Number of protein chains: 2
Amino acid sequence: MKPGPRRSVSQSDIVDAAFEILEEKGVAGVSVRGVAGALGLTPTAMYTYFDSKNALLQAMVEQLLAGIATRPGADEDAAAPAWRERVTTIALALRARLAEHAGGVVLVTSGPLDGPNALAVAETIIEAFVEAGLEVDDAARAAHAVRAFTLGQAALEAARRTAPVEASAQQPLWSDSRHPLVEQTARLDLDGEGDDEFAAAIGRVIDGYTS
Amino acid sequence: MKPGPRRSVSQSDIVDAAFEILEEKGVAGVSVRGVAGALGLTPTAMYTYFDSKNALLQAMVEQLLAGIATRPGADEDAAAPAWRERVTTIALALRARLAEHAGGVVLVTSGPLDGPNALAVAETIIEAFVEAGLEVDDAARAAHAVRAFTLGQAALEAARRTAPVEASAQQPLWSDSRHPLVEQTARLDLDGEGDDEFAAAIGRVIDGYTS
DNA sequence: ACCTGAACACCGTTCAAGT
DNA sequence: ACCTGAACACCGTTCAAGT
């Protein structure tokens with residue numbers, strides 16, 4: 001492919017390549033140069049497609065959030081009210097997407113969540129709480145809580161997954177002070193990837209706003 | 001200060017200098033070279049104090065979390081039960097600390113939260129829920145929810161505060177699709193820094209676990 | 001309009017050498 | 001033990017130039 005006035009790749013191709021690198025090397029490994037190289041482009045050519053690295057990251061966030069707000073097919077067999085299942089489904093999907101790629105959380109945290117897919121997620125959750133009978137403002141508060149909780153859960157998971165840092169190899173700064181309750185409940189693995197624990201937790205949060 | 005076998009600065013000095021830079025330039029601006037320069041050291045000298053940049057960041061997290069778990073003075077005038085006020089106080093303090101420095105959230109998300117101060121925060125919240133009458137496992141779940149929600153709230157705040165990216169200057173990809181509920185409730189500023197809204201929200205989360 | 005090549009001002013980290 | 005200086009393999013971004 002020699003230089004020419006025709007686009008040799010699409011924005012979508014670039015985002016896809018960036019996600020591939022994100023999966024392999026984490027968020028720190030995503031570089032303009034690296035993505036360009038993976039596509040056979042010069043780093044400078046990237047600036048034809050995105051104004052900056054940050055714009056690329058924002059586009060990645062949008063793709064990460066794509067499809068989360070779409071209502072699942074009429075799956076109305078459940079005993080729980082439709083709105084409740086819808087909120088739970090979205091929260092689970094959001095968490096799954098964030099956990100899917102290493103660094104997904106940092107990505108989402110790195111800029112304002114005001115893309116169309118981000119707004120669609122917010123809108124859909126508020127809608128569900130309105131359907132639950134909440135007044136609009138309270139529905140927004142509840143939806144915000146669900147988003148914050150889900151993001152925080154994903155953040156705690158991601159933080160735990162990062163390199164164990166060789167533990168106390170470096171720091172005898174903190175000695176063996178006791179945290180008995182933390183140790184006793186470590187087996188619950190609340191920072192871990194249990195869907196059931198998370199679904200139950202979201203249920204509690206919903207309860208806090210609707211009962 | 002010419003070279004010599006005596007330490008010219010302390011680990012604490014380095015962490016302090018790093019926080020100063022964090023405040024000025026955000027998390028991306030914190031570099032080994034920059035911190036070294038601020039202290040009049042060579043970049044390589046830094047590796048005498050910390051094994052890697054990551055070790056420095058972990059030390060910063062610990063300092064960020066310092067003192068949050070210490071019980072506030074006997075402030076028992078409130079109508080609310082002591083445990084409830086204690087949880088709320090810690091959550092508010094945690095959020096305030098995370099919001100204090102730009103990039104505090106990314107910092108905390110960048111590695112496992114297993115330092116002594118991080119564990120002390122977790123332990124203290126579990127303790128409070130045990131005091132509330134919860135069984136230990138449920139107390140751990142409730143404490144986890146409080147931590148996740150607080151972290152997520154701080155993350156949403158931080159995300160919103162980052163450069164507005166000139167809005168739609170770059171992307172006509174998403175046109176003016178409607179998100180009426182989001183727009184209608186934007187004035188609530190739930191991603192904003194209202195202590196009252198946050199305290200109320202934490203109250204709802206606590207309710208979800210204790211009622 | 002799309003792309004290249006060279007350049008600028010940065011990174012984290014390692015290694016040999018000095019005191 | 002603590003520190004320097006040089007070096008390696010990287011960054012994001014800009015700018016002039018080619019087709």
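Predicted, not measured: the structure shown is a model, and the values here were computed from it. In what follows, every chain begins at residue 1, and chains take the letters A, B, ... in the order their sequences are listed.
- Look at B/Arg95 and B/Asp195 and you find a salt bridge, because one of the NZ, NE, NH1 or NH2 atoms lies within 4.0 Å of a carboxylate O, short of that distance.
- Here the CD-CD distance, from B/Glu23 to B/Glu100, works out to 7.0 Å after rounding to the nearest 0.5 Å.
- Listed nucleotides: C/dT4, C/dC11, C/dT13. Nearest to the side chain of A/Ala45: C/dT4.
- Not one side-chain nitrogen or oxygen of B/Tyr49 sits closer than 4.0 Å to the OP1 or OP2 atom of D/dC2.
- The NZ-P distance, from B/Lys53 to C/dC10, rounds to 15 Å in whole Å.
- Across all strands shown, D/dG5 is found opposite C/dC15 as a Watson-Crick or G-U wobble partner, with both distances under 3.5 Å.
- Between A/Thr42 and the phosphate of C/dC3, there is no side-chain N or O to OP1/OP2 separation shorter than 4.0 Å.
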Begin from the C-alpha positions of B/Arg204 and B/Asp207 and carry the test salt bridge (Lys or Arg N to Asp or Glu O under 4.0 Å) through to its verdict.
CA-CA 5 Å; B/Arg204 299 300 197 114; B/Asp207 287 343; 5.3 Å; no
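- What separates CZ of A/Arg33 from P of D/dA9 is a distance of 15 Å, to the nearest Å.
- For the pair B/Arg7 and B/Tyr49, the cation-pi test (distance below 6.0 Å, angle within 45°) is passed.
- Taking atom P on both nucleotides, D/dC10 is separated from C/dA9 by 22 Å, rounded to a whole Å.
- One atom, OH of A/Tyr47, and another, P of C/dA6, lie 18 Å apart when rounded to the nearest Å.
- Rounded to a whole Å, the CZ atom of B/Phe50 is 16 Å from the C1' atom of C/dG12.
- Between the CG atom of B/Leu56 and the C1' atom of C/dT13 there is a distance of 14 Å, rounded to whole Å.
- We find that CG of A/Leu41 is positioned 6 Å from P of C/dT4, with the value rounded to whole Å.
- The side chain of A/Thr48 lies closest to C/dC3 when the candidates are D/dC3, D/dT13, C/dC3.
- Distance, B/Met46 CE to C/dC11 P: 12 Å, rounded to whole Å.
- A pairwise comparison of heavy atoms in B/Leu151 and A/Ala155 identifies CD2-CB, 3.8 Å as the closest pair.
- Residue B/Ser8 places none of its side-chain N or O atoms closer than 4.0 Å to OP1 or OP2 of D/dC2.
- Rounded to a whole Å, the CG atom of B/Leu39 is 11 Å from the P atom of D/dT4.
- If you check distances only, the side chain of A/Thr44 does reach the base of C/dG5 with a donor-acceptor pair under 3.5 Å.
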